[in-house]
Amino acid sequence: MDDRSAQLKKIKDEIVSLEDSPFYEDRVKNKYFPVIGEGSHTAKLMFVGEAPGETEAKTGRPFVGRAGKLLDKLLAEVGIERKDIYITNIVKDRPPGNRDPLPDEINLYAPFLDRQISIIKPKVIATLGRFSMQYVMNRYGLEWELAPISSLHGKVFDVPSEALAKLGTDIMKVVPLYHPAAAIYNQELLKTLQKDFQVLASMV
């Protein structure tokens, strides 16, 4: 096992045994799995969603439900293979009823995401939905660029040099995107996502 894989496995082991999580009891009761993330450990492109849904919690894999199938379709349309990217969420357990994660819940799980980013060192982080957009942009020195996702989707932001130095990398860009779940029943939003994925494809 290489060093990156070993470090990522350590994160997985910590989350599996995270009894302090407000979702731990629900996870055990429903026989759910935490959803850590999957894909290439040397990915240039990382997708960060918000929290797993029920299908994800039942399988332990990110983006395998209806939103995941749409994500796969969007990737295929621009020639990006899922095996070449890394996909995760801020929150690694399913909130009951698929509700939005609360600030305290995001704060509990976010350090695991920070570690995943620092291990993989992607060149591009594509955020899926407003919660991940807000967290990632705040975390990596882009808080002054924050605006509604309707204004920021598909735009490319360069992470400032101070944040890059802390990560130990020389380049990282953030591209906010709508969450695929929002486009399942919205044809206009789907067209927007298709255009925005073309932006991603030009960067990797």
Side-chain angles (χ1 to χ4, degrees), residues 35-37 39 43-53 56 62-63 65-68 70-71 74-75 78 80 85-95 98-118 120-160 162-164 166-167 169 171-186 188-204:
V35 181
I36 316 299
K44 291 180 180 176
L45 172 59
M46 177 188 276
F47 285 89
V48 179
E50 298 174 347
E56 289 76 15
F63 287 90
R66 291 166 71 196
L70 180 52
L71 178 65
L74 290 162
L75 289 169
V78 295
I80 297 174
I85 63 178
Y86 193 86
I87 308 178
T88 188
N89 293 291
I90 305 177
V91 173
K92 313 298 190 188
D93 279 290
R94 180 191 182 227
N98 281 2
R99 64 162 171 77
D100 290 339
L102 302 174
D104 284 353
E105 294 160 356
I106 290 172
N107 290 339
L108 175 69
Y109 284 92
F112 296 114
L113 173 65
D114 294 345
R115 285 162 62 191
Q116 287 173 312
I117 291 170
S118 68
I120 294 169
K121 293 182 172 51
K123 299 300 182 189
V124 181
I125 295 180
T127 62
L128 298 170
R130 62 188 173 90
F131 288 98
S132 55
M133 176 190 79
Q134 289 166 354
Y135 178 77
V136 169
M137 292 185 74
N138 272 314
R139 182 72 178 84
Y140 295 104
L142 294 166
E143 62 277 2
W144 52 280
E145 295 275 19
L146 272 170
I149 195 167
S150 56
S151 302
L152 299 187
H153 70 86
K155 292 185 177 177
V156 180
F157 297 94
D158 292 305
V159 171
E162 310 83 61
L164 292 176
K166 289 177 186 173
L167 276 169
T169 188
I171 183 170
M172 193 167 83
K173 298 174 186 292
V174 175
V175 183
L177 301 171
Y178 283 110
H179 196 287
I184 289 173
Y185 300 112
N186 186 328
E188 285 308 309
L189 216 51
L190 176 58
K191 289 177 185 173
T192 299
L193 266 172
Q194 288 171 320
K195 286 180 185 174
D196 291 349
F197 266 69
Q198 290 172 1
V199 173
L200 283 184
S202 70
M203 300 170 67
V204 294

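The residues of the chain are indexed from 1 along the displayed sequence.
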How long is the gap from CG on L200 to CG on L75, to the nearest 0.5 Å? 8.5 Å

For K123, all residues meeting salt bridge (charged side-chain N to carboxylate O under 4.0 Å, His left out), sequence neighbours excluded: D170

Using modelled atom types only, decide if a donor and an acceptor are shared between the side chain of E145 and the backbone of L142 within a distance under 3.5 Å. no

V199 vs V156 side-chain heavy atoms within contact, under 4.5 Å: yes

In this structure, CG of L167 is separated from CD of E162 (nearest 0.5 Å) by 12.0 Å

Identify each donor-acceptor pair in which a side-chain atom of residues 88-95 lies under 3.5 Å from a protein atom, sequence neighbours left out, and give them as a table.
{"from": "T88", "atom 1": "OG1", "to": "I36", "atom 2": "O", "distance (Å)": "2.7"}
{"from": "T88", "atom 1": "OG1", "to": "K92", "atom 2": "NZ", "distance (Å)": "2.6"}
{"from": "T88", "atom 1": "OG1", "to": "Q116", "atom 2": "OE1", "distance (Å)": "3.4"}
{"from": "N89", "atom 1": "OD1", "to": "E50", "atom 2": "N", "distance (Å)": "3.1"}
{"from": "K92", "atom 1": "NZ", "to": "N89", "atom 2": "O", "distance (Å)": "2.5"}
{"from": "K92", "atom 1": "NZ", "to": "Q116", "atom 2": "OE1", "distance (Å)": "2.6"}
{"from": "D93", "atom 1": "OD1", "to": "R27", "atom 2": "NE", "distance (Å)": "2.9"}
{"from": "D93", "atom 1": "OD1", "to": "R27", "atom 2": "NH2", "distance (Å)": "3.4"}
{"from": "D93", "atom 1": "OD2", "to": "R27", "atom 2": "NH2", "distance (Å)": "2.9"}
{"from": "D93", "atom 1": "OD2", "to": "Y109", "atom 2": "OH", "distance (Å)": "2.6"}
{"from": "R94", "atom 1": "NE", "to": "N98", "atom 2": "OD1", "distance (Å)": "2.7"}
{"from": "R94", "atom 1": "NH1", "to": "Y32", "atom 2": "OH", "distance (Å)": "2.9"}
{"from": "R94", "atom 1": "NH2", "to": "N98", "atom 2": "OD1", "distance (Å)": "3.2"}

Show me the pairs that pass side chain to side chain donor-acceptor pair (under 3.5 Å) and involve residues 194-204, at least two apart or across chains. E77-Q194, H153-D196

By ring pair (Phe, Tyr, Trp, His ring centres under 6.0 Å), which residues pair with F197, not counting sequence neighbours? F47

Side chain to side chain contact (heavy atoms under 4.5 Å, CB included) partners for A183, two or more places apart: L70, L189, L190, L193

Given side chains that start at C-beta, do those of K44 and V124 come closer than 4.5 Å, heavy atoms only? no

Looking at V48, is its backbone amide N or carbonyl O close enough to the side chain of T127 to form a donor-acceptor pair, meaning the two atoms are under 3.5 Å apart? no

Report the C-alpha separation of L146 and N138 in whole Å, then their side-chain angles, then the decisive distance to 0.1 Å, and conclude whether the side chain to side chain contact (heavy atoms under 4.5 Å, CB included) test is met. CA-CA 8 Å; L146 272 170; N138 272 314; 3.5 Å; yes

Residue pair I117 / Y140, side-chain heavy-atom distance below 4.5 Å: yes

Listed partners of P148 passing side chain to side chain contact (heavy atoms under 4.5 Å, CB included), at least two apart: S150, S151

If you apply the rule side chain to side chain contact (heavy atoms under 4.5 Å, CB included), what do you find for Y135 with D114, and how did you get there? CA-CA 10 Å; Y135 178 77; D114 294 345; 2.7 Å; yes

Partner set under side chain to side chain contact (heavy atoms under 4.5 Å, CB included) for E188, not counting sequence neighbours: N186, K191

Test F63 against V35 for side chain to side chain contact (heavy atoms under 4.5 Å, CB included), laying out the working first. CA-CA 10 Å; F63 287 90; V35 181; over 6 Å; no

If you take all heavy atoms of P160 and G141, which pair is closest and at what distance? CG-O, 3.3 Å

Should Y86 and L45 count as side-chain neighbours, where that means a heavy-atom distance under 4.5 Å? no

K121 side chain vs S118 backbone, donor-acceptor pair below 3.5 Å: yes

Cut-off 3.5 Å, no hydrogens considered: what does the side-chain donor-acceptor table look like for residues 172-180, sequence neighbours left out?
{"from": "K173", "atom 1": "NZ", "to": "D158", "atom 2": "OD1", "distance (Å)": "2.3"}
{"from": "H179", "atom 1": "ND1", "to": "A181", "atom 2": "N", "distance (Å)": "3.0"}

Salt bridge (charged side-chain N to carboxylate O under 4.0 Å, His left out) partners of R115, counting only residues at least two apart: E14

Those residues at least two apart in sequence (or on a different chain) that pass side chain to side chain contact (heavy atoms under 4.5 Å, CB included) with D100 are R130, F131

Side chains of M46 and I85 in contact at under 4.5 Å (non-hydrogen atoms): no

